[in-house]
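Just so it is clear, the structure is predicted and the values come from calculations on it, not from any experiment.
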Amino acid sequence: MPSPPQSSASGSTIGVANPAHSPKPPVHLTTRPEPRPGSPDSVLNDSSDALADITDDVVNTARVNHIDVDDESGSSAETDDARDESDEGDEEEDEAEGVFDVRICDSPALTGSSRHVTPPEPNTLAPSLKPHPFLPGVYILDVPSLRLDGPCYRSCCVPNATREWLRSSSKKTPLLTPALVPGGDPVAVFGVPEQSAVSVAGFETCVETEKMWVKLGGVKNNAVKAAFKTAGFRVLKETEKAGESVSEASAARDEANVLPTKPQNFNVSWNGDLRKSDFAALTQHQRVNHFPGTWELGRKDKLGKNVAKARRRRPDDFDIHPKSFLLPKDLEEWRSDRARDNNNVYIVKPPASSRGRGVRMLKPDETSSIEKKKVLIQRYIKHPHLLDGYKYDLRVYVVVTSIDPLKVFLYKEGLVRLATEKYTENGTDLSKRCMHLTNYSVNVKKKEFTMGASAVGEDDVGFKRSVSSLRRKFEAENLDWHRVWVGVKDIVTKTMVSVEGAMNARHKREIPSSARNACYELFGFDIMLDQHLKPWLIEVNTGPSLSAPTNLDQHIKHKMVSNLFNLVGIAPYDKNKARQRRYARLTGVPTTATTRVSVSASSGLRPPSVSRLTSVETQRGQKNPHKFSSRPNTPAPETKAVNCFPSKRDARSLRGLDFSKYAMEALPQVIRDAEGELCRQGEFERCFPTDDPTTNTKYLDLFETTRYDNALLCAWEGYKARLRNGGNFTSGDLRPSRV
């Protein structure tokens, strides 16, 4: 059995194992550990999951005993006209929650007291607001427990975590931020345990008339359930149990604080299957976790086709994905590729599959027999960069919050997944599947698979590691990690640009115009480095696995999910207030319902004169300057005249536009929404638009179609760059209009 790989670098590989620091013999665990009552990740308070948990136990037991179980019920993001897209790179049930069927490296460096961590004090987990460095009236949200290096209250780091870290009260009251941007909405805060949410200056709890509901469908993994439960959301139930009377169902709902499903009832959903009718029923206050047409990314054949199309337009810019051929359609092109270079090696993949199923190396004697099959043939990266002599890839998490304008975020942490057989003889032995494939689902079945027991301190041993551990090793060995990470962000952006046209068309066709901000989506990008440290896109998963069979998975994924929901921004909703806001918009007459809570004067972050914000719009849809009032029921004082932003939607009109002429609240909603996301991005970083004007110009030139909102955000980022660099910014520029 090969020893667990250790981290250190030498030549084209990083590291040679040091016998002096070899870990103790690994412990092989095959039983499901007892859930800790106080763990927010176990979600034991949610009785509605009992049946699902029992089902999971049966599936998990079968997996441990190598029994075939049909677990293909994961999310598919289908639409009515795309039933064949049902497995578009979706791996949601990849890892059974809580199953430790791996060998755990028991490092002597982390025994004793380091395994028994004292829970962090609630005051160290309390969220806070800080003023934006150069945009007056804008505030940045900081949640300590969601920082990569911040304190962790979860059971991955605190084995003796208790129930107090969950919001166990029947009166669930989400904590709300104030409006972080003038004219913005308060949104729920994720990643804050109950005790840490008490009496936080500048924040307030959601009122009873604006209860916040989450609709869960498809795979209800613990990372998502724990995030919503800790945040204080109520779970929306879709249907009554079979055979249950209407009165019994109603009583059960009242007791469990749930509602029957209606399109207008939920604030946010986490679904696996959305149809055209689901998209058509969306309203402006709802957020759903899929875009129409995501198979343009998730299906391997579609992804290859879209990237190839972009490569034909810009060959050098879109050289990000190994060339692929869909047989039998591309048979002649594949034959020509083989004839040009006899040394090419190919890998066979089903067009729509995940978790490594059906993936194998193509042997030379199979070329004739495979030509008649409907499969995807892809050039194989023969000379990958190696980690301790093993092939590896990166799983990074990407969030798209909007298609038009395109807004793409990359999480700063991820997973490094190693093959369990050393990459010997330049990979010439094509029969060794676990030497060539890095999929966790494939390699975890091998008895050689090991990984560190602790999420912190042991994230750099075994066959699954953190991206942070890889970064540390690169830096320790004087390898240019910054260039690698910039390359990863470049791949993410260009991949989204390559599918933007097709997804944008479906988005405009299927999403109501009033709900243009309703969709968001999490993707899992698989990236591989070659021997020159050039990143390559391998595939994209539309339903990346969020289950946490190990402490490392839990530590990374649960933090990432809470950061994700903060970034998306889920606002409370009151139908009466929404109706009054609509009346104000149509008539131009302000009402008390148009008031939006801003940063509290008691927090000391804003003068009392701007503690309330009132929005007024004309019948033409042009936004007049917002008016501030210290009390929502008193007439707002008169404001000084503020320039209205140009209404002409022409990208050429943005050249030389001076944003300093306009108050922040007079800027287009697109800009204010984007700034709100940046204020809540946490450990995500935005890949597009970037904060570098030169890079934005390069990316804008890659789009197949020039879109005004993309150009607008890039122009705004150019203006912000001048402010950062000490440009023509003055104290009177870009400030909220005041008395």
Side-chain angles (χ1 to χ4, degrees), residues 72-94 213-221 223-225 227-228 236 238 261 263 266-299 302-303 306 352 354 397-404 406-409 411 492 495-496 499-525 539-546 560-561 564-565 567-570 677:
E72 304 307 316
S73 58
S75 64
S76 60
E78 295 179 1
T79 56
D80 293 334
D81 58 349
R83 295 299 172 201
D84 61 330
E85 320 292 346
S86 61
D87 195 20
E88 47 172 71
D90 184 359
E91 55 178 21
E92 269 287 16
E93 290 194 335
D94 182 358
W213 298 88
V214 56
K215 179 180 178 183
L216 298 174
V219 178
K220 305 177 183 67
N221 57 69
V224 173
K225 290 191 296 183
F228 282 115
L236 194 67
E238 296 192 20
T261 294
F266 68 88
N267 299 82
V268 59
S269 75
W270 187 270
N271 284 294
D273 185 358
L274 291 179
R275 294 174 169 80
K276 287 182 178 179
S277 57
D278 298 320
F279 289 122
L282 291 174
T283 60
Q284 63 182 9
H285 73 280
Q286 294 175 322
R287 305 305 302 268
V288 295
N289 66 315
H290 287 299
F291 287 94
T294 52
W295 64 78
E296 299 289 347
L297 277 170
R299 282 185 59 108
K302 293 280 190 178
L303 175 63
N306 286 313
S354 62
Y397 298 99
V398 175
V399 174
V400 177
T401 59
S402 172
I403 287 294
D404 187 8
L406 181 64
K407 292 182 288 184
V408 186
F409 293 81
Y411 193 55
V492 168
T495 302
M496 293 308 307
V499 302
E500 184 269 347
M503 290 185 64
N504 200 317
R506 291 190 67 94
H507 187 270
K508 285 181 166 57
R509 198 162 58 236
E510 298 182 17
I511 304 296
S513 58
S514 61
R516 66 181 179 85
N517 292 326
C519 299
Y520 68 95
E521 188 145 3
L522 173 69
F523 299 100
F525 277 58
E539 62 183 48
V540 178
N541 293 276
T542 55
S545 172
L546 296 179
M560 184 272 296
V561 168
L564 160 66
F565 293 130
L567 168 65
V568 169
I570 303 166
E677 290 177 352

- [ ] Ignoring hydrogens and angles, state whether a donor on the side chain of Lys302 or Asn306 is under 3.5 Å from an acceptor on the partner side chain.
- [x] no

Do you know the tightest heavy-atom contact between [X] and [Y]?
X: Glu296; Y: Val499; result: O-CG1, 3.7 Å
X: Ala223; Y: Val561; result: O-CG1, 3.8 Å
X: Arg287; Y: Val568; result: NH1-O, 3.0 Å
X: Asn541; Y: Pro544; result: O-CD, 3.6 Å
X: Lys215; Y: Asn271; result: O-ND2, 4.4 Å
X: Thr542; Y: Glu521; result: O-OE2, 3.7 Å

Pairwise distance [atom1]([X]) to [atom2]([Y]) - rounded to 0.5 angstrom:
X: Leu406; Y: Glu500; atom1: CG; atom2: CD; result: 6.0 Å
X: Asn517; Y: Asp404; atom1: CG; atom2: CG; result: 10.5 Å
X: Asn504; Y: Arg509; atom1: CG; atom2: CZ; result: 10.5 Å
X: His290; Y: Ser269; atom1: NE2; atom2: OG; result: 8.0 Å
X: Asn267; Y: Ile570; atom1: CG; atom2: CD1; result: 7.5 Å

Open item on the list: For Arg275, is there any backbone N or O sitting under 3.5 Å from a side-chain donor or acceptor partner on Asp278?
Closed with: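 Present.
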
Open item on the list: For Arg506 and Lys276: C-alpha separation, side-chain torsions, deciding distance, then whether side-chain contact (heavy atoms from CB on, under 4.5 Å) applies.
Closed with: CA-CA 10 Å; Arg506 291 190 67 94; Lys276 287 182 178 179; 4.2 Å; yes

- [ ] Give the C-alpha distance, both sets of side-chain angles, the deciding distance and a yes or no for side-chain contact (heavy atoms from CB on, under 4.5 Å) between Tyr411 and Val399.
- [x] CA-CA 8 Å; Tyr411 193 55; Val399 174; over 6 Å; no

Open item on the list: What verdict does the side-chain contact (heavy atoms from CB on, under 4.5 Å) test give for Leu522 and Asn289, after you've listed the backbone C-alpha separation in whole Å, the side-chain angles of each residue and the deciding distance to 0.1 Å?
Closed with: CA-CA 7 Å; Leu522 173 69; Asn289 66 315; over 6 Å; no

Measure the shortest side-chain to side-chain distance between [X] and [Y] over non-hydrogen atoms and say whether it is less than 4.5 angstrom.
X: Thr495; Y: Leu303; result: yes
X: Val288; Y: Phe266; result: yes
X: Met496; Y: Leu297; result: yes

Open item on the list: Students often mix this up, so state it plainly: with edges at 30° and 60°, are the rings of Tyr520 and Trp270 parallel, tilted or perpendicular?
Closed with: tilted

